[in-house]
Amino acid sequence: MILRMACKKKGDAISPDTVKALYLHVPFCLRKCRYCDFYSVTADASRFATFVRAAGIELEMRRAELSAPADSIFVGGGTPTALGPAALEKLLAPLTALAARDCEFSLEANPCSLDSAVASVIEAAGVNRVSIGAQSLHDGELATLGRPHKAADVARAVETVRRAGIDNISLDLIYGIPGQTLASWQQSLTAAMALRPSHMSCYALSVEDGTPLAADVAAGRLQPADEQTQKDCYCAAIAALRDGGLEHYEISNFARPGRRCRHNLTYWHNRPYVGIGPAAASYVAGTRRTNNPDLDAYIASLTAGRQPPASAEHLSGKAAYAETLMLGLRLIDGVNRPAMVKRFGTDPVEAFPQAVTRYASQGALVVTDDRIRIAREYLFASDTILADIIAERD
């Protein structure tokens, strides 16, 4: 069945006056993890004050794009907790003023830089959700990843956050680590669940070009996990977290009732958001603007009263539709067909007939009168489905 609905203009972006999500990127890390290709620099306390000041200037410059109060604020990185309590307090102060009363105010943290002083500062600023980068609960696997913490630090960090009065805690774990086995992965899952998180993210390790981990794999010093082992780990996570009371709501994300990450749902529904900081991306009025990944240029521009250097891409028509469909299909519930018709003027079955027909005939896509979703048994292979949808936009 093809759904049709009249709309004023196909591909219209959501109006800027509905921008209710804010992201702030902190580029500092205690050290660069061996697998990471996100933009970050080594933490240097002498640079914290100038970065905090520059971020505040950019926030003021772009306040008109954000409809305060914000429904979600996410401070990520990098490692925000690497700033320490004094700089972090100054960074968060203007964000606190923008938060709605029921705002989801998240902050990413590394277990070894999350002490009681930092926890006290973030709680006082209104942070009510902390995402802790555990990645593994095995010291050997953490060493392979180049993480600066030990497994025991994770439980200590969780307890520190809870003592500060924040009970919405998310843990990140990685599977597919060289040397990791299904048994060691299951042990990490069990240890993580024993900490009673409200949310968990389980990601497959991606070996990114230019990272030390990629160099070790290329030289044969490390053997990446094979696809079957990764699939077994993924299925084990789904089963263990389901049994522990966490709902599988996105390909890699699990939550207790009422604890889905509101900020990430903004991304998966392709709704507008404002990004602050070097390498941060924004999506406002159909335009994606990404600040250049250059801390020095970022600080210099804003100190001089100029917008930081950035690249921009305007998404409209079928390109905007393809991205929205691709992101929405990451959700276990998939996309609502009438809602897509209302937003883009055409049903997704009609807009992307090749990909939808092909994967529906294979049983990989489940198409009903009101929804399209990826079949659960095909979630592990979802990248291929989503890539084919993007390829059909032209």
Side-chain angles (χ1 to χ4, degrees), residues 13-26 55-56 59-60 62-77 80-81 88-109 114 118-132 158 160-172 195-201 245-250 253-277 280-284 327-328 330-333 336 339 343:
I14 294 176
S15 172
D17 64 8
T18 62
V19 183
K20 307 288 283 185
L22 175 67
Y23 173 77
L24 194 155
H25 185 80
V26 177
L59 182 61
E60 282 300 312
R62 305 190 62 194
R63 282 280 294 271
E65 298 175 54
L66 181 71
S67 296
D71 287 336
S72 73
I73 296 173
F74 197 107
V75 182
T81 49
L88 193 55
E89 183 175 29
K90 292 179 180 178
L91 180 74
L92 296 178
L95 304 183
T96 303
L98 292 175
R101 179 172 296 182
D102 64 344
C103 177
E104 177 193 83
F105 195 161
S106 300
L107 182 131
E108 288 184 337
L114 182 52
V118 167
S120 178
V121 162
I122 65 176
E123 191 279 332
V127 171
N128 52 28
R129 182 179 184 276
V130 176
S131 179
I132 298 174
V158 169
T160 298
V161 171
R162 285 208 172 102
R163 281 201 307 266
I166 302 172
D167 65 354
N168 192 358
I169 298 171
S170 180
L171 296 177
D172 288 357
L195 300 175
R196 298 175 290 109
S198 56
H199 186 282
M200 282 187 62
S201 300
L246 273 68
E247 173 194 22
H248 189 193
Y249 74 100
E250 190 269 347
N253 286 270
F254 308 78
R256 298 195 188 279
R259 295 298 198 181
R260 294 184 180 192
C261 180
R262 190 187 305 173
H263 191 83
N264 285 344
L265 285 169
T266 295
Y267 300 149
W268 295 321
H269 287 296
N270 208 20
R271 295 170 182 152
Y273 53 90
V274 170
I276 301 295
S282 301
Y283 182 53
V284 178
L327 291 167
R330 292 191 60 87
L331 296 166
I332 302 305
D333 293 338
N336 180 284
R343 185 167 176 178

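Because the structure is a prediction, the values reported are computed rather than measured.
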Separation of E250 CD from L327 CG (nearest 0.5 Å): 9.5 Å

Within this structure, what is the CD1-CZ distance for the pair I169 and R196, rounded to the nearest 0.5 Å? 8.0 Å

If you measure from the Lys or Arg side-chain nitrogens to the Asp or Glu carboxylate oxygens, is any gap between E247 and R260 under 4.0 Å? yes

Quick one: pull up OG in S170 and CD1 in I132 and give me the separation to the nearest 0.5 Å. 8.5 Å

If every non-hydrogen atom of V284 is compared with every non-hydrogen atom of P272, which pair is closest and at what distance? CA-CB, 4.4 Å

Minimum heavy-atom separation for G76 and P80, please, with both atom names. O-CG, 3.5 Å

With no hydrogens and no angle check, is any side-chain donor or acceptor of R62 less than 3.5 Å from a backbone partner on G275? yes

Using only atom types and a distance under 3.5 Å, with no angle test, would you say the side chain of K20 pairs donor to acceptor with the backbone of P69? yes

Is there a side-chain contact between N128 and N168, using heavy atoms and a 4.5 Å cut-off? no

So, for A280 and H25, which heavy atoms are closest and what is the spacing to 0.1 Å? CB-CB, 4.1 Å

Any donor and acceptor pair, going by atom type alone, linking the side chain of S131 with main-chain N or O of E108 inside 3.5 Å? no

For the side chain of T96 and the backbone of A125, is there at least one donor-acceptor N/O pair under 3.5 Å apart? yes

Between L98 and A68, what is the shortest heavy-atom contact and its length? CD2-CB, 4.0 Å

H269 and L331: side-chain contact (heavy atoms from CB on, under 4.5 Å), yes or no, with the steps? CA-CA 9 Å; H269 287 296; L331 296 166; 3.6 Å; yes

Classify the ring geometry of H263 against Y23: parallel below 30°, tilted from 30° to 60°, perpendicular beyond 60°. tilted

Taking the side chain as C-beta and beyond, is there a heavy-atom pair between V26 and L88 under 4.5 Å? no

Atom of Y273, atom of V19 and distance for their closest heavy-atom approach: CA-CG1, 3.9 Å

Could you check if a side-chain atom of V121 sits within less than 4.5 angstrom of a side-chain atom of E89, using non-hydrogen atoms only? yes

Side chains of F105 and V75 in contact at under 4.5 Å (non-hydrogen atoms): yes

Side-chain contact, heavy-atom cut-off 4.5 Å: D167 with S198? no

So do L59 and L95 actually touch side chain to side chain, heavy atoms under 4.5 Å? yes

Considering all heavy atoms, the nearest I166-R129 contact: CG2-N, 4.0 Å

Between atom CG of N253 and atom CD1 of I332, what is the distance when rounded to the nearest 0.5 Å? 9.5 Å

Within the 4.5 Å heavy-atom criterion, are L92 and L107 side-chain neighbours or not? yes

Just so I know, are the side chains of R343 and N270 near enough to count as touching, which here means a heavy-atom distance under 4.5 Å? yes

OG1/T266 to CD/E104 distance, rounded to the nearest 0.5 angstrom? 8.5 Å

With rounding to the nearest 0.5 angstrom, report the OG1 to CD1 distance, T81 to I122. 8.0 Å

Could you tell me whether the side chain of R262 and the main chain of D71 form a donor-acceptor pair under 3.5 Å? yes

Side-chain (Y249) to main-chain (C261) donor-acceptor, under 3.5 angstrom: yes

